[in-house]
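Working notes for the structure below.
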Amino acid sequence: MQHIPSRRTFVSPNVHHRRVSTPALPGTHATPAKIPCFRPSIGEDEIEAVVDVLRSGWLTTGPRAREFEEKFAAYMGEGVQAVAVNSATAGLHLAAEACGIGPGDEVLVPTLTFTASASVIRYLGAEVVLVDVDENTHCIDLEQAERLLTPRCKAIIPVHFAGFPCDMTQVLAFARLHGLKVIEDAAHAMPARRDGRLVGSWESDACVFSFYACKPITTGEGGMIVTRNGDIAERARVMRTHGLNRDAFDRFSKIGGSWAYDVVAPGFKYNLTDVAAAIGVVQLSRANVLQASRQAAAERYLKRLTGLPLDCPARPPAGSLHAWHMFPIRIHQNARANRDDLIAGLTAKGIGTSVHYRPLHEMTYWRERYRCERSDFPVASRYFEGAVTLPLFPGMTNAEVNRVVDAICSILG
Ligand SMILES: *Cc1c(COP(=O)(O)O)cnc(C)c1O
């Protein structure tokens, strides 16, 4: 994600968690504090967990990474396995590699996503087929996907956009019908639920989460592959550490065996450190609380933004849970201010925003490689024209939401 969160991380008062105390800046009470677009929630427990790892003498992948994997898999349930990696990009790459994607293959990817969802396919020498998104949910449009299918299509990468859970029943039926692998990009979806089931517990081939600094739970940098397919889990484990048949912790924790490993493939260096995993273990235990806190702010936005010339994100259907990772709105064309004016106006009032996303079909590399035209992606193109992502983070107060809404009203009203 393009947005770089503030280096100062505060833990907000209405998250039920021990707080890191931050001294008030002198002389700042006259102007209201800035509201960032996002800020991670880091507490004393995360700090203590990191210090414990530093004191332990084992810094790289080891007992904390294993604990994080086990707890993550248990959280998802349904007997899934979890493989910790150092980014979601690495996780998507490993998942696609383990699914056998390679030169000559094509993979369906929505155009409204971060570039990593698609670039991993190019790492493997396969081609990306960009697909428009659904008007309402901003998830991949399966009708257009069907029209773009060729016999070379091997997989589909649905993205749970902003934390809205894609209709996995439909995605899996589509994939089964056309013989496609399914790799979910769940970078925004921790936790999200569709039709009662957690994103990560469905029958896709793999589901990949991100723990980048401004994702729903964070380890600074990190990611997790979740799969119920033992072969995919095994291949991803081998390929994340140089293609070795045993990981470093195995080799060094068993006395006398440290030299005895084999290289079974030209693997990558994608393992998660114990320093990061220790943060992840604590963040995982807070994932539901963090989501509830973001949801409360999102509900307030939804209530207070009605009647303005803009579209809010869709509410999830009954029985589902929106991760509320972000709150992207779309300003209507007939509004008094356009997207750029609104962003400038909010910035002037100390309110951070972002845009998620300038669609891939508008980015030089993808546009040139696949000769993309805006008219091929009418929904994502129209959305992008008016797209602004409003501040949303755990612990955002009612007063902060009100300030953002009042500022929007004064600019658009
Ligand atoms: C952030 C993000 C990624 C990449 O995650 P990293 O952990 O930074 O590699 C992939 N897909 C989407 C949709 C993202 O937002």
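Keep in mind it's a predicted model, so treat the numbers as computed, not measured. Atom set for the values below is all heavy atoms of this structure, side chains included, hydrogens, waters and symmetry mates excluded. Start at 1 and go down the list; that is how both ligands and their atoms are numbered.
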* N/O of Thr113 under 3.5 Å from N/O of ligand 1, yes or no? -> no

* What is the ring orientation for Tyr357 with His188, classed by angle as parallel under 30°, tilted 30 to 60°, or perpendicular over 60°? -> parallel

* Would one find an N or O of Asp185, backbone or side chain, under 3.5 Å from an N or O of ligand 1? -> yes

* To do: Give the contacting part of Phe209 toward ligand 1: side chain, backbone, both or neither, where contact means a heavy-atom distance below 4.0 Å.
  => neither

* Plane angle bin for His361 and Phe377 - parallel if under 30°, tilted between 30 and 60°, otherwise perpendicular -> parallel

* Donor-acceptor pair between Gln295 and His322 side chains, under 3.5 angstrom -> no

* Asked: Ser117 heavy atoms, cut-off 4.0 Å: which ligand 1 atoms fall inside?
  -> 11 (N)

* Can an N or O of Ala88 be found at a distance shorter than 3.5 Å from an N or O of ligand 1? -> yes

* Less than 4.0 Å between a side-chain N and a carboxylate O, is that true for Arg122 and Glu127? -> yes

* **Test item: Pro165 and Arg193 side chains (from C-beta on) under 4.5 Å apart, heavy atoms** => no

* To do: State if His356 counts as touching ligand 1 under the rule of any non-hydrogen atom under 4.0 Å.
  => no

* Could you tell me whether Glu221 and ligand 1 have an N or O pair separated by under 3.5 Å? => no

* Numbered atoms and elements of ligand 1 in range of His188, under 4.0 angstrom, heavy atoms -> 13 (C), 14 (C), 15 (O)

* On the 0 to 90° scale, with breaks at 30° and 60°, tag the Phe68-Phe211 ring pair as parallel, tilted or perpendicular. => tilted

* Structure fact -> One finds that the ligand 1 atoms under 4.0 Å from a non-hydrogen atom of Gly222 are 7 (O)

* Numbering the atoms of ligand 1 from 1, which are under 4.0 Å from a heavy atom of Thr89? -> 4 (C), 6 (P), 9 (O)

* Asked: Which of these, Gly91, Ala162, Ser210, Ala90, has its nearest heavy atom closest to atom 5 (O) of ligand 1?
  -> Ser210

* Could you tell me the separation between the CG atom of Leu92 and the SG atom of Cys99, rounded to the nearest 0.5 Å? => 10.5 Å

* Just by distance, do the side chain of Arg369 and the backbone of Val128 share a donor-acceptor pair under 3.5 Å? -> no

